[in-house]
Structure formats: structure tokens, C-alpha cells
Q: 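One structure coming up, written as C-alpha cells, with questions to follow.
Computed over heavy atoms, backbone and side chain alike; hydrogens, waters and symmetry mates excluded. Letters A, B, ... mirror the listed sequences (proteins, then strands); counts begin at 1.
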Protein chains: 2
Amino acid sequence: MSDASTESAASSRIAQALRDDILNGSIAPGQRLRQEDIAERLGGSRLPVREALRILAAEGLVQIEPNKGARVPLLDPGEVETLYRMRERLEPLALSESMANLSSADLAEISDIQRRIEQGVDVTEFLILDREFHMASYTGCSDEHLMLSVVRLWNSTQHYRRAFMSLTGSGRAQIVNAEHRLLMEALERRDTEDAELYLLGHIRRTRKELVRHPEIFSTGS
Amino acid sequence: MSDASTESAASSRIAQALRDDILNGSIAPGQRLRQEDIAERLGGSRLPVREALRILAAEGLVQIEPNKGARVPLLDPGEVETLYRMRERLEPLALSESMANLSSADLAEISDIQRRIEQGVDVTEFLILDREFHMASYTGCSDEHLMLSVVRLWNSTQHYRRAFMSLTGSGRAQIVNAEHRLLMEALERRDTEDAELYLLGHIRRTRKELVRHPEIFSTGS
DNA sequence: TAGGTTGTTATTGGATCCAATTCATGCCAC
DNA sequence: GTGGCATGAATTGGATCCAATAACAACCTA
């Protein structure tokens, strides 16, 4: 009852379950999603499943082909690179919109997330905390369109971020930590210009590292 | 039978009809969309209507609230301003991705559209041609994610562009034509840097003009 | 033996019916 | 007269059944 998902519809509940499965890697890119399987596995009939798939398609997590069903998009290196270039353009904007509304409590929260990142080095945990770190820096951005676009970009690239981290390990953790600290310092100075620049550099460096590892995109077969 | 829409699904057909109605102003922002009305008006049952509404929600043309139905989003000036700031960041990227693949035939097509803009000054026609002009400049961009985002931004702001044009008339046509010509010239020189800059200025100036006319956002009641 | 064809099966798309939720109207108490 | 509450209608959400389309396989023919 304290759970907020109870009040939402069955289609939202199914969408959330599928979203989790896709983002944490339980459902891999390229995998097909049959409506009846999902309906049976998560409960309910095929109809809310269809609506859930539409919701996820809107978020870029699945793609639907008429009369052919839904599957998790399998991206090539060029697509992921473009998604990162989109991040480089949009997220500094989100950060600048957020800056003015960031409370000191928000900054403390960001700092705490970074502290946890520098402690635990587990890949799965890092993916979660890194996402929380950046999203926390955008909490002051109240524009839903912009934030939805940002979330879409993170969702679409989540799998390849995990593949990269699993491949390279946490060897690059020091660089990420340095970038995060620079960003935090700019946030505390309320310096929008610097913060945007540090964020841009952070995303751009990650993009270049990703494209340097095309083996991430090889299918598991 | 020669019609391509026949081969597509009913939900796509209904979505296209609604999309047209929203973009050309037949359905105004804030207006509610009752499923049964649409099903009756466009043919078919409520089920493909629901899927069509999901499709349009993914494009930002309607917003769906659980158990409350769908309506065309009514944006405030701040939201539109942010959407334009997003355009300023994303469309130069789309243009740069497009540049290398633009054929001379594409450039001729762009030039022809601009020629028609400088002839006819009808507001409705201008909205169509202006959109065609910019989209034609992005034809070389093959990335679907990026183009979908750009189209979403155009769709979401279409109504306010029309309201602005209807209010101010075509007095600013000379400025737009000058900007378009500068952009075309940069495209023909294959100068990505200049083209991005001209495009950024074009969108930014439009944004500033829009926010200078808050009466666009007053509800018709 | 290879290629095309045809029939079968599995899966998605759509229509109708029923349940749950929301909104509006009117009533009653204060 | 106004605020709260209950009852009604209107609308959306979900389940089941049926039709259409696509993937698959076996078969036949050249």
C-alpha cells in the first residue's frame, strides 16, 4: 500500500518490470519480446502488455515492427556514438537549467553519491550510482521534455555502458572520479559555464573510449 | 491498393490522421481526445485508437494520464523556450551529421523550397515550407534517434509557431529568408562550422522573438 | 539437387464485452 | 448560502475471442 506502483495501472506495472529487465541486462539487445510470454510471466492479458511495449518504445527501450513484434534494439557503434553526441549537447543544457534550483541539500546528496562511488567498485553498483550521480545533478531541471530526452539517451545506451565496464573493469575509475569531482566543485561554485564544460568533457571522453572498443558491439553468438 | 497506407496497420492510419489534425491546428492544445469519438470519426474500434494515442504520446503530440484520458499538451512559455533551447543544441548536430551525405540534388531541392518560400507568403504554406526546408537540410542524417528527437521538437512547438506567425504576419519574412540563404550558402560551401553557427543563430533568434510575445500562450477562452 | 511453391503453425492486430475509476450532478446538513 | 457527501452517468482500462499476417517446413517440380 505504501508502494506507489500499486496505484498505477497494470500496463505501467508491466512496463516497469520490463524496463528493469532491459536496463539491468536480463533482456539483451536483439532479443525478441513475445506478448504472450510476457503476459504469462508478469500476469495479466496480452492487452496491457501491448500498451507496455508502446510505452517502452516511446522511451527507446524496444522497437516495434508492425506484424513482426517487439524486440530490444541492437545498436551499431555509429548509433551509440551519435547518442553520446546527443548527450554532449543536451545534458549540459539540463545542467544549466538545473543549476539555479539546486539546493545545498541536493549538493550534499550528489556528494554522498560520489563518496559511495569512490568506495565500492562493483560494476553493477557503479552503473547505478553513476546514473544516480548525474540524475541528481539534474534534479533542479523541472522541464519534463528535456529530462525525458535525457533519460531516453541513458536508457538506450545503458547496455553498452555495462558492456564497456564489464570489459575494461574499473581501471578508468580514477578518471571518472576526477571528472565528477571537478563537476561537483563547479556546482558548488554555482559556475554554470564551468559545470557545462566539465560535463561536456566527461561525456565526450567516455564516447571516445567507447568507440575505441568495437568488440562491445559483437553479438554474443 | 496503390496506397501505401493500406498496407500499414489501422493504428498507424489513425495515428497519422490525428497527427495531421494536431499539427495543422484542427485539434488545439488543451483539447481532450475521447477514444470513442475518435474511433467513431475515423473508423475502427477503440483499441487501435488507444495504440494510436500511445504512438502520438511517444512523439510528444498528446499526453496520457491514467484513467483520465489523452489530451493535447498545453505548454507554458517556459516549456516552449526550453524546447527551442533543445532545438538549438540538437539541430546543429543533425546538420553536421547530414552535411557529408548531402548530394547536389539535395542542395537543389533545398534551394527550390527556399525559392517557393520567397514567392508565397501565406502563413499556412510558410509553416509547411519552412519545415520542409529544415528537414531537407537534415536528409543526409541517417541516425533515426537524432531525427526522431528533432521531429518531436518540431511537433511539440508547431502550434506556437503557427500562433506566432498568425499574430505577427509575415513581417519578419525578410529576416528568415536572409538566415536561410546564409545557411544554404554554408551548405554549398560544405562548411559545417558555419552552417551550424547560422542554424544556431536562426533558432535562437526565433526563440527570443517567441518569448517576446507571451500573448501567444493565452487560452482562447 | 536446388529452387520455388504451398500448406501449416505461431504470433500479432482488432472487435466486443465487462470491470474499475473518475467526473458531474444533486441532495442534505450545517 | 455554502461545504461536504453520496449517487448517477460517462469514460477509460482490461480480458477474452476472432481475424489477418508472417515465419516455417515439407513438398513438388525442373
Q: For atom CZ of B:Arg172, decide whether the heavy atoms of other residues, nucleotides or ligands shown that lie under 6.0 angstrom number more than 12.
A: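 Result for CZ/B:Arg172: open.
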
Q: Below 4.0 angstrom, which residues in residues 44-53 of chain A have at least one non-hydrogen atom near DNA chain D?
A: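 When residues 44-53 of chain A is checked for heavy atoms under 4.0 Å from DNA chain D, the hits, listed by number, are A:Gly44, A:Ser45, A:Leu47, A:Pro48.
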
Q: Whole angstroms only, please: what is the CD-P distance between A:Glu65 and C:dG13?
A: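 Answer to the nearest Å: 11 Å.
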
Q: What integer distance in Å separates B:Arg71:CZ from C:dC23:C1'?
A: 12 Å

Q: Under a 3.5 Å distance rule, please check whether B:Arg13 uses its side chain to pair with a backbone N or O of B:Leu42 as donor and acceptor.
A: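 Here the side-chain-to-backbone pair exists.
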
Q: Is B:Glu209 atom CD crowded by more than 12 heavy atoms from other residues, nucleotides or ligands, each under 6.0 Å away?
A: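 Atom CD in B:Glu209 is crowded, with more than 12 foreign heavy atoms closer than 6.0 Å.
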
Q: For A:Asp37, is there an ion pair with A:Arg32 - N to carboxylate O distance below 4.0 angstrom?
A: no

Q: Would you say A:Glu91 and A:Tyr138 are linked by a side-chain donor-acceptor pair, where the criterion is simply a distance under 3.5 Å?
A: yes

Q: Identify the residue among B:Val150, B:Leu183, B:Thr192 that makes a side chain to side chain contact (heavy atoms under 4.5 Å, CB included) with B:Leu95.
A: B:Leu183

Q: Which of residues 28-42 of chain B have a heavy atom under 4.0 Å from DNA chain D?
A: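 DNA chain D contact set from residues 28-42 of chain B: B:Arg32, B:Leu33, B:Arg34, B:Gln35.
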
Q: Classify the angle between the aromatic ring planes of B:His202 and B:His134 as parallel (below 30°), tilted (30 to 60°) or perpendicular (above 60°).
A: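 Geometry flag for B:His134 against B:His202: parallel rings.
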
Q: Using the salt bridge (charged side-chain N to carboxylate O under 4.0 Å, His left out) rule, collect all pairs that involve residues 59-75 of chain A, keeping only residues at least two apart or in two chains.
A: A:Arg19-A:Glu59

Q: Nearest nucleotide by nearest heavy atom, which residue falls closer to the 5' end of DNA chain D, A:Lys68 or B:Lys68?
A: B:Lys68

